[in-house]
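Notes for the one structure printed next.
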Amino acid sequence: MSLKNRRACGLLSENNIGETIKVSGWVNRRRDHGGLIFIDLRDRSGLLQLVFDENFSDFTIVEKLRNEYVIEVEGELRNRSEEAINDKLATGRIELVGQSIKILNTSKTPIFDISDDTANVDENVRLKYRYMDLRRKEMQDNLILRHKVTMAMRKFLDLNGFLEIETPMLGKSTPEGARDYLVPSRVNPGNFFALPQSPQIYKQLLMASGMEKYFQIARCFRDEDLRADRQPEFTQLDIEMSFVEKEDIINLVTDMIKEIFKETMSVDLADSFPRITYKEAIDKYGSDRPDLRFDLELIDIGEIVKDTEFKVFQSVLKKGGTIKGINGKNCGNILSRKEIDGLTDFVAQHGAKGLAWIAIREDGISSTIAKFLSDSELENIVKAMDGQIGDLLMFVADTKEVVNNSLGALRLELAKRLDLIDENELNFVWVVDFPLFEYDKEENRYVAIHHMFTAPQEQDLELLKTNPLEARAEAYDLVLNGTELGGGSIRIHDYNRQKEIFDLIGFSEEEAKVQFGYLLDAFTYGAPPHGGIAFGLDRIIMLMRKCSSIRDVIAFPKTQSASDLMLGAPSYVTEKQLKELSIKSDLKKDK
RNA sequence: GGCCCCGUGGUGUAGUGGUUAUCACGCCUGCCUGUCACGCAGGAGAUCGUCGGUUCAAGUCCGAUCGGGGUCGCCA
């Protein structure tokens with residue numbers, strides 16, 4: 001029997017009844033009735049029930065089959081009898097009667113159950129035996145969707161005139177941004193390449209090259225600590241276009257996202273996504289990636305208590321801080337005193353020194369701070385926050401940053417506890433009008449919020465000279481359910497403008513030339529106006545598949561300590577290798 | 001670097017300082033011709049992550065360490 005003419009298990013149907021068919025795959029499960037054995041055969045397309053009875057010439061081979069053996073079987077496809085139909089299976093109305101069988105490979109007893117849909121196996125084990133984990137249907141579906149999404153992206157962008165262009169992995173370390181992964185250069189001792197944190201500069205140079213419309217499904221590397229949605233290497237859909245304005249890019253990628261959801265999940269999204277300014281997002285939700293599936297808005301009560309006697313509020317306001325509250329609807333009834341104390345610990349993780357609260361009860365107000373506030377202040381606060389009986393009003397008074405961070409996080413936490421989130425909703429929002437800079441107190445200078453090639457908004461150009469922190473950028477982020485899917489900007493394409501920005505973030509002319517001379521040069525040879533965006537592919541797939549970590553949509557991900565449990569990477573290398581690279585380690589080797 | 005959680009047969013788990021360390025699935029042997037989480041009978045399988053401490057006695061308490069996860073910092 002040759003491997004040719006193999007059919008896909010999951011694609012067979014009643015249309016194939018009576019045909020002699022060859023299938024091959026893995027033994028998903030066997031049911032041995034003595035003189036009759038059923039095998040659920042699994043291949044990538046699905047499951048098919050095979051039947052063998054004791055009259056079959058190679059029945060002794062069938063008796064030896066175990067889970068995950070790889071077999072090839074030829075036989076006749078037939079209808080199951082009425083009572084034997086299994087509605088849970090796509091191929092539940094048919095079965096293959098085995099007429100010949102060959103064991104292509106045996107398998108040790110699987111470490112965990114491949115046929116079980118639930119991934120309730122320790123992630124350690126799954127990662128060490130990743131090739132087994134990836135046999136599970138859930139994981140196959142994740143990678144299949146990922147494939148479909150990238151295909152849809154390529155198709156959409158191709159139809160819109162984009163060129164897919166590869167850029168180098170071995171590039172140059174640049175200041176700002178994340179920590180680089182470095183690669184030593186053997187032929188240039190003491191010199192290092194950096195793996196790209198993103199193809200940002202390359203794609204701008206491609207615009208200077210006249211490519212006009214570029215995209216790449218690009219691997220990016222950042223040597224920072226890991227999270228559920230952060231891996232040291234991850235994939236971006238990277239896009240850049242010439243002769244465009246912000247609206248062109250927003251419109252294009254809105255259409256692309258719609259197309260992707262339609263084509264891969266048959267989901268119809270709205271024609272356009274709502275927009276929110278950065279300022280409004282921070283003011284109302286305490287985050288630049290607000291989850292708008294629920295309300296729980298932050299309310300500033302600074303104005304109400306501006307003349308308060310309450311020392312804590314007084315001193316915060318005097319120092320230019322902020323006092324905001326959030327109304328935990330009905331929380332007064334739901335949360336115990338202990339749980340409320342727990343929320344205090346929760347906001348403390350985000351820097352808040354305390355969580356003041358006012359519980360509105362049937363019999364009046366219960367509060368940690370009521371005694372420090374006047375009746376009218378109290379009344380106005382309750383009114384401003386629409387406090388009803390049963391509500392729990394919670395407040396943080398601190399610097400603007402701490403207030404927004406802690407209440408933004410509390411908002412999400414409350415939504416979870418109060419079960420306010422509709423898991424099936426797809427809430428897209430564009431966040432626009434980001435500031436160009438923020439102030440870094442440690443380094444005592446401005447730093448770019450997006451990156452230093454982002455163009456300022458036309459009407460804010462004057463502010464660059466007077467009050468740079470007020471200047472807004474021509475930048476935009478696309479947020480889905482509180483996760484930043486992607487972000488981009490219109491770039492600077494003018495030599496002097498770019499120098500001005502470098503100057504503001506404290507780059508000397510000298511330094512700018514050394515670091516980015518080639519880019520500045522490019523601007524002097526007719527670089528077109530351009531802009532673009534980049535999307536986190538892993539995050540998109542994670543959200544589409546409702547996974548809790550991008551590890552589940554990456555074939556071979558790394559653990560939180562950035563290691564690969566299957567390969568045992570990273571690992572020590574030989575002294576000879578290091579020597580060739582002119583590298584010395586100051587760590588004691590323990591092997 | 002900080003905080004929090006987890007680590008017990010192959011897998012998932014139970015386990016008030018004193019048990020022969022619980023149960024389910026899986027595995028092995030035998031039986032079984034319509035199952036699909038097949039069934040029935042029997043069996044094997046655990047240095048309780050590692051090291052140290054407290055104690056007459058530690059899976060259990062304490063400390064350290066290793067591994068995994070969540071999160072803050074960090075991630076333009």
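First the proteins, then the strands, lettered A, B, ... as listed; each starts at 1. This one's a predicted model, so the numbers in the text were calculated from it and none came from an experiment.
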*Answer with base, sugar-phosphate or nothing: what part of the nucleic acid does A:E95 contact at a heavy-atom distance below 4.0 Å?*
base
*Please answer whether the main-chain N or O of A:F294 pairs with a side-chain N or O of A:D291 as donor and acceptor at a distance below 3.5 Å.*
no
*In whole Å, what separates the C1' atom of B:G68 from that of B:U19?*
31 Å
*Expressed as a whole number of Å, how far does the C1' atom of B:U13 sit from that of B:G18?*
23 Å
*Do we see a donor-acceptor contact under 3.5 Å between the side chains of A:E474 and A:T454?*
no
*asked:* Would the base of B:G73 count as contacting A:E224 through its side chain, where contact means a donor and an acceptor less than 3.5 Å apart?
replied: no
_Counting distance alone, no hydrogens or angles: does the base of B:C32 have a donor or acceptor under 3.5 Å from a partner atom on the side chain of A:R31?_
no
_Between B:G53 and B:A44 - P atom distance, rounded Å_ = 36 Å
*asked:* Using the six-membered base ring of B:C38, report whether A:H33 stacks on it, requiring centroids under 5.5 Å and planes under 30° apart.
replied: yes
*asked:* Once you apply a heavy-atom cut-off of 4.0 Å, does A:L47 come out as touching a base, just sugar-phosphate, or nothing?
replied: nothing
*side chain to side chain contact (heavy atoms under 4.5 Å, CB included) with A:I71: which of A:I61, A:N105, A:V23, A:I103?*
A:I103
Can you give me the N/O atom pairs linking the protein to nucleotides 2-11 of chain B at distances under 3.5 Å, or say none if there are none?
from, atom 1, to, atom 2, distance (Å)
B:G10, O2', A:I111, O, 3.0
B:U11, O4', A:I111, O, 3.1

*Describe the nucleic acid contact of A:A448 in one word from base, sugar-phosphate, nothing, applying a heavy-atom distance below 4.0 Å.*
sugar-phosphate
*side chain to side chain contact (heavy atoms under 4.5 Å, CB included) involving A:E76 - partner list, sequence neighbours excluded*: A:Q99
_Partner residues of A:N405 under the side chain to side chain contact (heavy atoms under 4.5 Å, CB included) criterion, sequence neighbours left out_ = A:E401
*asked:* Is the phosphate of B:G70 approached by A:R551 (side-chain N or O, under 4.0 Å from OP1 or OP2)?
replied: yes
*Please state how far atom CZ in A:F346 lies from atom P in B:C72, giving the value in whole angstrom units.*
9 Å
_Sugar-phosphate, base or nothing in reach of A:S548, heavy atoms under 4.0 Å_ = nothing
*Distance between P atoms of B:C40 and B:G10 (Å, rounded)*: 25 Å
*Across the strands shown, which category fits A:R80 at heavy-atom distances under 4.0 angstrom: base, sugar-phosphate, nothing?*
base
*Is A:E95 paired with A:R78 through a side-chain N to carboxylate O contact shorter than 4.0 Å?*
yes
_Pairwise P distance for B:C27 and B:C66, with rounding to whole Å_ = 37 Å
*Is the base of B:G73 touched by the side chain of A:R227 through a donor-acceptor pair closer than 3.5 angstrom?*
yes
*Can you tell me, in whole Å, how much space there is between the C1' of B:C28 and that of B:A21?*
23 Å
_Using atom C1' in both nucleotides, what's the gap between B:G69 and B:C56 to the nearest angstrom?_
39 Å
*Please determine, by modelled atom types, if A:R42 and A:Q140 share a side-chain donor-acceptor pair under 3.5 angstrom.*
no
_For a quick check of understanding: with a heavy-atom distance under 4.0 Å over all strands, which category does A:D32 fall into, base, sugar-phosphate or nothing?_
base
*Using the P atom on both, measure B:G59 against B:G73 and round to a whole Å.*
41 Å
*Toward the 5' end of RNA chain B, by each residue's nearest nucleotide, A:S81 or A:L127*: A:S81
*Assign each of A:G34 and A:R179 to its nearest nucleotide of RNA chain B by heavy atoms, then name whichever residue's nucleotide is nearer the 5' end.*
A:G34
_Regarding A:E123, tell me which of base, sugar-phosphate or nothing describes its non-hydrogen contacts under 4.0 Å with the strands shown._
sugar-phosphate
*Pick one for B:U50: is it syn, with its angle within 90° of 0, or anti?*
anti
*Donor-acceptor side-chain pairing of A:H451 and A:E176 below 3.5 angstrom*: no
*Name the nucleic acid region contacted by A:S561, choosing base, sugar-phosphate or nothing; use a 4.0 angstrom heavy-atom cut-off, strictly under.*
sugar-phosphate
*Side-chain donor or acceptor of A:R230 under 3.5 Å from a matching atom on the base of B:C75?*
yes
*What is the nucleic acid contact for A:R445, judged by heavy atoms within less than 4.0 Å: base, sugar-phosphate only, or nothing?*
nothing
*Please report the shortest heavy-atom distance between A:L436 and A:A455, naming the atom on each side.*
CD1-O, 4.1 Å
*Under 4.0 Å between any heavy atoms, over every strand shown, what does A:N124 touch: base, sugar-phosphate, or nothing? Just pick one.*
sugar-phosphate
*asked:* Rounding to an integer number of Å, can you tell me how far A:K558 NZ sits from B:G67 P?
replied: 17 Å
